[in-house]
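Okay, so here's the structure we're looking at.
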Number of protein chains: 2
Amino acid sequence: MDIFSTLQEEKARLSPSETRIADILLNDFEFAVNASIIELAEKADVSPPTVTRFCRRVGCESFSDFKVQLARTAYVGMRYLRPEPKSRDPGDVAQDIITKAQNALFLLHRSLDLAAIEQAAEKIAKAGMIYAFGSGGNSSMIASELQNRLFRFGLHVTASSDHGMQLMLAAAAKSTHVIVGSSFSGRNTELVRSFTLARETGVTTIALTQADSLVAKAADIVIPIDLAEGNNIFRPTSTRIAYLAAVDILASLVAYNIPQAAVTLRRIKQQLVAHRDGDDRQLLGD
Amino acid sequence: MDIFSTLQEEKARLSPSETRIADILLNDFEFAVNASIIELAEKADVSPPTVTRFCRRVGCESFSDFKVQLARTAYVGMRYLRPEPKSRDPGDVAQDIITKAQNALFLLHRSLDLAAIEQAAEKIAKAGMIYAFGSGGNSSMIASELQNRLFRFGLHVTASSDHGMQLMLAAAAKSTHVIVGSSFSGRNTELVRSFTLARETGVTTIALTQADSLVAKAADIVIPIDLAEGNNIFRPTSTRIAYLAAVDILASLVAYNIPQAAVTLRRIKQQLVAHRDGDDRQLLGD
DNA sequence: GATCCTTGCAAATTATTTTCGTGATAAGTT
DNA sequence: AACTTATCACGAAAATAATTTGCAAGGATC
């Protein structure tokens, strides 16, 4: 799909000359996007035709197509190749974190299952009661974020990060209710238990989790969020940013499914514009 | 700086032919980045030289430079020109949200005051006790995130979203302590009061907020987070993502200032790799 | 009516791609 | 082991295509 991932896949199969070209891309990216085919060829100590062939090899139509692809993916993908920040220099750390966050959003957008999200939004909009479940520092934040967003549309919602409480709520839930559960790893077996229990009484269960995971298999509707685990397991913040964005999308679609939500939101907006001297709570609107 | 902003500034001064070229860029961007100068010229109904002149006019060296610039800024900037999503179609909503989030990260990275963050990180790393303050759905999340991140480095930290509690904590704080307060709007007057009170006893106060705001003026160290308000006041999630990233950077730098944090984190990582069958809580590491 | 700006044409320049041939390496054959 | 033969990488040069420049014509403005 994008050049850098192709490059990583093909790396082993490249010839010496092509490897030299690849090295320039990775090391002196700035030069590569601005250079002409001749300059690039000279720097890599190869002939222009070899550069053209290289471009074709990594899946581009032509050299100019290659440059466009390069420039396009660069902003997001450039540092993706360097798994760890090079130094402890604040600038590098910041760059690394921002890039990983950008990347998480980028990957999320690519792999988003819109049909599932819309289906989930419809169910949520019609639900008599919504339970947002999630445990651990990450998923519990997602659960409370869901509560935070949904109650403003006039929906009945409660969040819980307590497994015992989740089980009780799941046991008491009715068929018109919806449970939305979040699990970054997909291996939250307690959540699986709540889902299974709830489904016995016809409760709709929605999971934000990794596709094909235990949690995914236990839910009615799965909103899969699959990010390259290697890059994120030790840096959950970027994964969390992707989850937050997914919740944002879900909540927006829920709003569109509730006629009066638009009215309420418009009123909040007008309120915000008219009265701008409160504290953070004025940022309620959306 | 980037092409689209130049384009917006120059728009009024463009000639009819150049306006036609600009229109193509804005309306059929995909075509524009992939087209040759001839194709673009034909579509705009002008001659190739006019396209070259147009490129110079918007600050590029040449047509190919122009294309690279275009492709480069496009990913982040493209939809920035369209302030509102075009439709309620899930794809458009998702696109809009993701783009705004990307943009928030982009703007954050540009405007980041690294010196302030590093200064804050040093203070936090040495603090006897840390208080993370924030109110409202947004800032309270940031406060608990700070707690979440910092306690793992062996630091003493507590988060509070309650104004009354914040005041009491601030009154009881000692000069070796640090208060980190978050306010998206910068107008949280209760937080200002806590800061002012705390500074009387020499407590270091750190604010994550808008530059030159009330809260910023009341703090010792300000980590300014200024995002285009117009785009974010009604859509706080993207601003929040920027705040989360800022907290991530801050926490990473704090870790580098604590020698034993590295050891602890490494142990957590090994733990994670060895034992991969728990639930979400396994994603503790960073 | 003079001047300035915009624009296109055609030529010149430059960049890119194709074609073709050489040399190297590997696999099969005598 | 020595000799084909196939395959591939690569570069030189030619062919092609794209881009830029110089210049002149057409319009608008003062």
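All of these numbers come straight from a predicted model, not from anything done at the bench. Note on naming: letters A, B, ... go to the chains in the order of the sequence lines (proteins, then strands), and numbering restarts at 1 for each one.
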Verdict with reasoning, Ser17(A) to Ser15(A), per side chain to side chain donor-acceptor pair (under 3.5 Å): CA-CA 6 Å; Ser17(A) 305; Ser15(A) 70; 4.7 Å; no

Other residues, nucleotides, ligands: >12 heavy atoms within 6.0 Å of Glu61(A) CD: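 No, CD of Glu61(A) has 12 or fewer neighbouring heavy atoms, counting only those of other groups under 6.0 Å.
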
Asp212(A), CG: over 12 other non-hydrogen atoms inside 6.0 angstrom: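 For Asp212(A), atom CG is not crowded (no more than 12 foreign heavy atoms under 6.0 Å).
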
Parallel, tilted or perpendicular: ring planes of Tyr243(B) versus Phe184(B), cut at 30 and 60 degrees: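 Aromatic pair Tyr243(B)/Phe184(B) classed parallel.
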
Taking the side chain of [X] as its heavy atoms from C-beta onward, which of [options] lies nearest to it?
{"X": "Pro48(A)", "options": "dT17(C), dA9(D), dG11(D)", "value": "dT17(C)"}
{"X": "Glu18(A)", "options": "dG11(D), dA18(D), dC10(D)", "value": "dC10(D)"}
{"X": "Pro49(B)", "options": "dA15(C), dA10(C), dT7(C)", "value": "dA10(C)"}
{"X": "Ile38(B)", "options": "dA18(D), dC10(D), dT16(C)", "value": "dA18(D)"}

Expressed as a whole number of angstroms, how long is the span from [X]:[atom1] to [N]:[atom2]?
{"X": "Lys67(A)", "N": "dA18(D)", "atom1": "NZ", "atom2": "P", "answer": "16 Å"}
{"X": "Ile21(A)", "N": "dT16(C)", "atom1": "CD1", "atom2": "P", "answer": "13 Å"}
{"X": "Ile37(A)", "N": "dT16(D)", "atom1": "CD1", "atom2": "P", "answer": "18 Å"}
{"X": "Glu42(B)", "N": "dT19(D)", "atom1": "CD", "atom2": "C1'", "answer": "15 Å"}
{"X": "Leu14(A)", "N": "dC8(D)", "atom1": "CG", "atom2": "C1'", "answer": "15 Å"}

Minimum heavy-atom distance between Leu112(A) and Ala94(B), given as atom pair plus value: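 Taking every non-hydrogen atom into account, CD2-CB, 3.8 Å.
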
Residues from residues 50-64 of chain B lying under 4.0 Å of DNA chain C - heavy atoms: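 Within this stretch, Thr50(B), Arg53(B) sit under 4.0 Å of the strand.
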
Touch class at under 4.0 angstrom, heavy-atom based, for Asp45(A) against every strand present: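 Sugar-phosphate, no base atom in range.
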
Backbone N/O of Arg187(B) and side chain of Ser213(B): donor-acceptor pair under 3.5 Å: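 No: the side chain of Ser213(B) does not pair with the backbone of Arg187(B).
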
